[in-house]
There are 2 protein chains.
Amino acid sequence: MVEGIRVTGVVDAVAEALRAAAIGGELEPERAVTEAWVASRFAVARPSAKAAIEKLVAEGVLERTAHRSARVRRLDADAVRDVYRTRRRIESAAIRELAAERRRPDAAAEADAEIATHLGGSSVDIVDPDLRFHSAIVDALGSERTSRAYRSLTEEVRQCMAQVQGRGLISVDTILAEHERILELIADGDGEAAAAVLAEHLGRAEERLAAAVSTP
Amino acid sequence: MVEGIRVTGVVDAVAEALRAAAIGGELEPERAVTEAWVASRFAVARPSAKAAIEKLVAEGVLERTAHRSARVRRLDADAVRDVYRTRRRIESAAIRELAAERRRPDAAAEADAEIATHLGGSSVDIVDPDLRFHSAIVDALGSERTSRAYRSLTEEVRQCMAQVQGRGLISVDTILAEHERILELIADGDGEAAAAVLAEHLGRAEERLAAAVSTP
DNA sequence: GGCTCCAGATTGTTAGACAAGTATACCGAG
DNA sequence: CTCGGTATACTTGTCTAACAATCTGGAGCC
């Protein structure tokens with residue numbers, strides 16, 4: 001197999017590399033990802049390549065029908081809307097709960113600090129800290145299952161971002177201002193208002209991204 | 001392999017049979033589920049058994065650490081609380097959205113009709129229609145991702161019910177009354193009140209189940 | 001030109017083998 | 001008798017090789 005540390009096993013290493021290639025945009029959504037290609041590309045046996053592909057299919061990164069090659073999944077406008085609406089449902093619930101206890105998640109504030117260092121820069125650079133901000137809010141609940149559900153959504157967002165190559169993003173200033181407003185309202189215990197700001201925040205991103213994915 | 005229609009393939013068939021055995025209680029949580037055992041039990045090759053096991057591990061039905069046999073996962077009180085709190089987050093959001101449009105889900109009312117036929121009977125018989133009621137509310141959103149997240153939770157509830165063998169259930173009358181009240185409030189457009197009834201409804205079930213799983 | 005059928009390609013499944021890792025039983029030392 | 005280290009058995013992880021099932025695309029025929 002390809003060099004590198006083996007923390008878990010060959011299959012997981014290949015799956016990780018494949019996922020990185022998929023969301024990094026190195027694998028076009030049209031190209032077929034055959035088991036044989038993966039096996040030779042990473043110098044592993046075909047069963048291992050098969051297992052890695054199936055893992056990514058289960059995650060939703062790849063899609064496949066029986067006896068057909070797998071492909072990188074292409075997200076359309078409907079998928080983007082579904083992702084963002086599901087995000088909003090989970091995250092509003094999290095915000096309401098945190099506000100009820102006036103519990104401001106520190107990790108979210110730290111993510112905001114990193115966003116602030118990119119003020120005036122490109123919006124592409126803040127995709128990562130932005131997702132960290134939102135994940136921090138959900139993770140603050142300490143709920144394994146809620147966090148897992150939300151994580152799969154952020155993975156899809158990341159993949160979507162790679163697909164649109166930075167088109168349709170919101171300005172850094174606006175994002176940061178709304179984030180800070182949300183944290184303030186949580187600290188004030190006004191969950192309803194915080195949820196409203198979040199809904200608008202995600203709603204705008206949803207519209208921009210949905211438009212971006214449908215105009216290639 | 002064992003007889004039966006092969007709609008998808010050997011691996012899926014074995015995974016389905018294994019899942020049924022796990023949530024049906026035929027596999028005690030203590031017993032080790034080895035690849036060799038699964039392979040001989042269903043007359044398939046070991047790689048196929050391995051794939052089926054890994055699928056169930058990904059679903060959360062089984063658990064496994066590296067180089068150790070898989071086991072049916074035992075849900076403790078913390079797990080039950082996590083499941084129910086996550087359910088509440090998703091379902092409250094769904095109820096609020098439906099109430100905002102005064103959209104009463106027909107499928108939920110139908111599930112209630114079936115529950116009504118068991119009035120005075122055992123609570124075990126209504127586990128299925130009860131979960132159908134709650135799933136119908138979420139599915140009414142028409143969101144693939146939200147429904148998928150919720151489905152994995154109901155599967156865990158089902159597994160939990162098999163584990164406690166009917167102990168710690170709520171009376172059929174109470175469940176039915178609260179269901180109808182929720183549907184009424186949705187039709188009235190009072191999402192806040194409907195969500196409050198739901199929170200109490202799930203909260204009580206959470207406490208009962210959490211107590212039941214910790215007293216074997 | 002449209003339909004049928006065949007060949008190539010790809011996945012699905014199986015068999016057997018060996019390596020690697022973990023847990024447990026056993027045995028010796030204190 | 002207890003404690004600790006070793007050795008063995010069991011299980012999983014991965015590979016090679018092969019064949020069956022199925023889908024795709026194009027050649028040939030009507």
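Hydrogens, waters and symmetry mates are skipped; everything else that's a heavy atom, side chains included, is used. Every chain is numbered from 1, with letters handed out A, B, ... down the list of sequences.
Residues forming a side chain to side chain contact (heavy atoms under 4.5 Å, CB included) with A162(A) (at least two apart in sequence, or on another chain): none. Checked against salt bridge (charged side-chain N to carboxylate O under 4.0 Å, His left out), K55(A) has the following partners two or more places apart in sequence or in another chain: D12(A). Evaluation of the side chain to side chain contact (heavy atoms under 4.5 Å, CB included) rule for A51(A) yields V11(A) as partners, not counting sequence neighbours. With sequence neighbours left out, Y150(A) forms a side chain to side chain donor-acceptor pair (under 3.5 Å) with R87(A), E91(A). Listed by chain and number, the residues in a side chain to side chain contact (heavy atoms under 4.5 Å, CB included) with S40(A) amount to none (sequence neighbours excluded). Not a single salt bridge (charged side-chain N to carboxylate O under 4.0 Å, His left out) links R104(A) to another residue, sequence neighbours left out. Looking at residues two or more places apart in sequence or on another chain, you find no salt bridge (charged side-chain N to carboxylate O under 4.0 Å, His left out) involving D78(A). For E178(A), the salt bridge (charged side-chain N to carboxylate O under 4.0 Å, His left out) partners are R204(A), not counting sequence neighbours.
Between the CD atom of E35(B) and the P atom of dT14(D) there is a distance of 11 Å, given to the nearest Å. Between the CH2 atom of W37(B) and the P atom of dT12(D) there is a distance of 12 Å, rounded to whole Å.
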Each nucleotide N or O in nucleotides 16-19 of chain D that has a protein N or O under 3.5 Å away: list the pair and distance.
residue : atom : partner : partner atom : Å
dA18(D) : N6   : R46(A)  : NH2          : 3.3

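For the helix from dG1(C)-dC30(D) to dG30(C)-dC1(D), the angle separating the two terminal helix axes comes to 10°, with each axis derived from five pairs and the value rounded to 10°.
Of all the residues in residues 48-73 of chain B, K50(B), R64(B), H67(B), R68(B), S69(B) reach under 4.0 Å from DNA chain D with at least one non-hydrogen atom.
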Distance-only donor-acceptor pairs under 3.5 Å for side chains of residues 105-112 of chain B, two or more places apart:
residue : atom : partner : partner atom : Å
D112(B) : OD1  : H179(B) : ND1          : 2.8

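Side chains of T34(A) and S69(A): no donor on one and acceptor on the other come within 3.5 Å.
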